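Being a predicted model, the structure only gives us computed values, none of them experimental. We use all heavy atoms of the structure for the numbers below, so side chains are in, but hydrogens, waters and symmetry mates are not. All residue numbers in this chain count up from 1 along the given sequence.
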Amino acid sequence: MFIVEDKGSAIALMCAALLFLGTWPALLTLLERRGRLPQHTYLDYSITNLLAAVLIALTLGQLGETKQDMPNFFTQLSQDNWPSVLFAMAGGLVLSIGNLSTQYAWAYVGLSVTEVICASMVVVIGTTLNYFLDNRINRADILFTGVACFLVAVILGTAVHASNAADNEEKLSESKNGYNLGTNGGMEPSKQGIHDALEVDIENGACAEEVTRAEAGTAEYLIELEGRRSVKVFGSSTLKGLGLVFFAGVCLSLFSPALNLATNDQWHTLKGGVPHLVVYTAFFYFSMSCFVIGVGLNILFLYRPMAGVPKSSFKAYLSDWEGRQWALLAGLLCGFGNGFQFMGGQAAGYAAADAVEALPLVSTFWGIVLFGEYRKSSKKTYTLLVLMLLMFVAAVATLMASAGRRATK
């Protein structure tokens, strides 16, 4: 099988994982903003996410001859390694629930801030756990300097969201067209309220095509976006969105330590003579669990939706081809991104591999380019945003610099 042995290759894998894991959330956010139901999107995503794990296992996991201490993928499937398998599946469970929570949090809080807070929590909690599980193979002084940068980023990310939310409220209150959002004392707005707001523009001489091309960052753009997206957010509580983000962060912080335990058996749960799970086999079981939980929950949400999303059906899902290619691509990017992260972690330490949690650098880029996040915001919001991103630059550099080399004996 393919084994990563040098630090340079491990860092290259982590950089690829950083790009992939920072891009797939943007694709799912794009579909939600175009009105595709999140249940439909997540079902598509789950299929190709599992496909990526299967492809990695059948290729990289099967390269070369099997060894007693490092059997290939097919050999391990028949071995008595269920304690490690259960750790891997537990990791898939918390990742699936965490990713599902972030899918709704992106709508309430925004792509950039959601990724910042979740990724920072993963590092603060998960990296600390991985450092001790990895028998401290990473340089503690460098590693925990990076963890501190992520902790500061959590605080800055929360401040960015609060500042940007205040900016949006000010834009809407000062709109020259005097939009009536129909919030009714903080409740979610009615569709009629948004429709009436758009009609105001048309009555004032703007054609329908111009209404749908509002400049990003304006009140008109915010109302147009609310009208077409699948998760309605106007009038919702800030705490509701942040609550989803922090719940997702706790879940996501546990999946990497679970994979660490599955591949290295630090708690000595395997019987004597049974080899540890290789990273490819662990990732396969991890992804199988992620697939089952994700598909099961989203089929349930088709009929009992969350966050005010309309009901759907499995038949409606099968016939919904609008944007399906982007959801399928997102699943592949996430699957290969996670696989590369675990391969790099097995070689250089899972704590150092958590450097890929600087993925908000990539997500923020896509958020600004694709969705116009922070356009026409206040100087305070821009200042906080820049400081937040600087913390991530420092964090990714220090975590990668802390990489060690795992003993193979």
Side-chain angles (χ1 to χ4, degrees), residues 24-25 27-54 85-109 111 114 118 187-188 191 228-233 236-237 239-255 258 284-335 338:
W24 76 267
L27 297 178
L28 265 59
T29 301
L30 177 66
L31 293 176
E32 185 275 321
R33 288 181 171 226
R34 289 182 175 179
R36 193 167 197 253
L37 295 182
Q39 308 98 303
H40 294 186
T41 297
Y42 204 93
L43 286 169
D44 288 335
Y45 153 89
S46 297
I47 294 170
T48 47
N49 187 57
L50 175 62
L51 177 61
V54 173
V85 168
L86 292 176
F87 279 122
M89 295 179 72
L93 185 150
V94 292
L95 177 69
S96 185
I97 294 175
N99 280 345
L100 184 57
S101 300
T102 60
Q103 187 179 19
Y104 292 92
W106 294 327
Y108 286 103
V109 182
L111 177 64
T114 298
C118 284
M187 300 297 290
E188 291 186 358
K191 292 183 178 179
R228 66 172 179 260
R229 71 189 315 165
S230 59
V231 181
K232 307 302 181 185
V233 299
S236 61
S237 169
L239 294 178
K240 181 178 182 180
L242 289 177
L244 276 173
V245 173
F246 281 102
F247 173 75
V250 172
C251 292
L252 295 173
S253 67
L254 300 176
F255 81 87
F284 171 77
Y285 284 116
F286 169 92
S287 298
M288 280 291 297
S289 173
C290 196
F291 173 80
V292 171
I293 297 298
V295 169
L297 287 176
N298 278 278
I299 290 178
L300 174 64
F301 293 158
L302 288 174
Y303 302 94
R304 296 185 178 183
M306 296 173 56
V309 175
K311 286 186 178 181
S312 184
S313 66
F314 196 71
K315 181 179 179 181
Y317 157 69
L318 293 176
S319 62
D320 180 13
W321 288 89
E322 186 68 30
R324 173 160 286 166
Q325 70 276 18
W326 297 115
L328 295 173
L329 176 60
L332 286 175
L333 290 175
C334 183
N338 282 330

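Taking a 6.0 Å sphere around CD of Q325, one finds it holds more than 12 heavy atoms contributed by other residues, nucleotides or ligands.
Looking at N298 and Y317, their side chains never come closer than 4.5 Å, going by heavy atoms from C-beta outward. In this structure, I47 and L43 have side chains that are not in contact, with every pair of non-hydrogen atoms separated by 4.5 Å or more. The closest side-chain heavy-atom distance from T102 to P25 is not below 4.5 Å. With a 4.5 Å cut-off on side-chain heavy atoms, L329 and T48 do not count as touching. A 4.5 Å side-chain heavy-atom check between T114 and L244 finds every atom pair outside the cut-off. Between W24 and N49, every side-chain heavy-atom pair lies at or beyond the 4.5 Å cut-off.
Partners of R229 by salt bridge (Lys or Arg N to Asp or Glu O under 4.0 Å), not counting sequence neighbours, listed by chain and number: E32. Applying the salt bridge (Lys or Arg N to Asp or Glu O under 4.0 Å) rule to R34 yields no partners; only residues at least two apart in sequence or on another chain are considered. A search for side chain to side chain contact (heavy atoms under 4.5 Å, CB included) contacts involving A327 returns L31, R36, T41, D44, not counting sequence neighbours. Taking the side chain to side chain contact (heavy atoms under 4.5 Å, CB included) definition, one finds that S287 meets it with L50, A53, F283, sequence neighbours left out.
Within the structure, the side chain to side chain donor-acceptor pair (under 3.5 Å) test picks out the following pairs touching residues 303-316 (sequence neighbours left out): H40-S312.
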Less than 3.5 Å apart, which donor and acceptor atoms pair up between the side chains of residues 85-98 and the rest of the protein, not counting sequence neighbours?
residue	atom	partner	partner atom	Å
S96	OG	C290	O	3.3
S96	OG	G294	N	3.2

Begin with the C-alpha distance, continue with both residues' side-chain angles, and end with the deciding distance and a verdict on side chain to side chain contact (heavy atoms under 4.5 Å, CB included) for V231 and W106. CA-CA 10 Å; V231 181; W106 294 327; over 6 Å; no
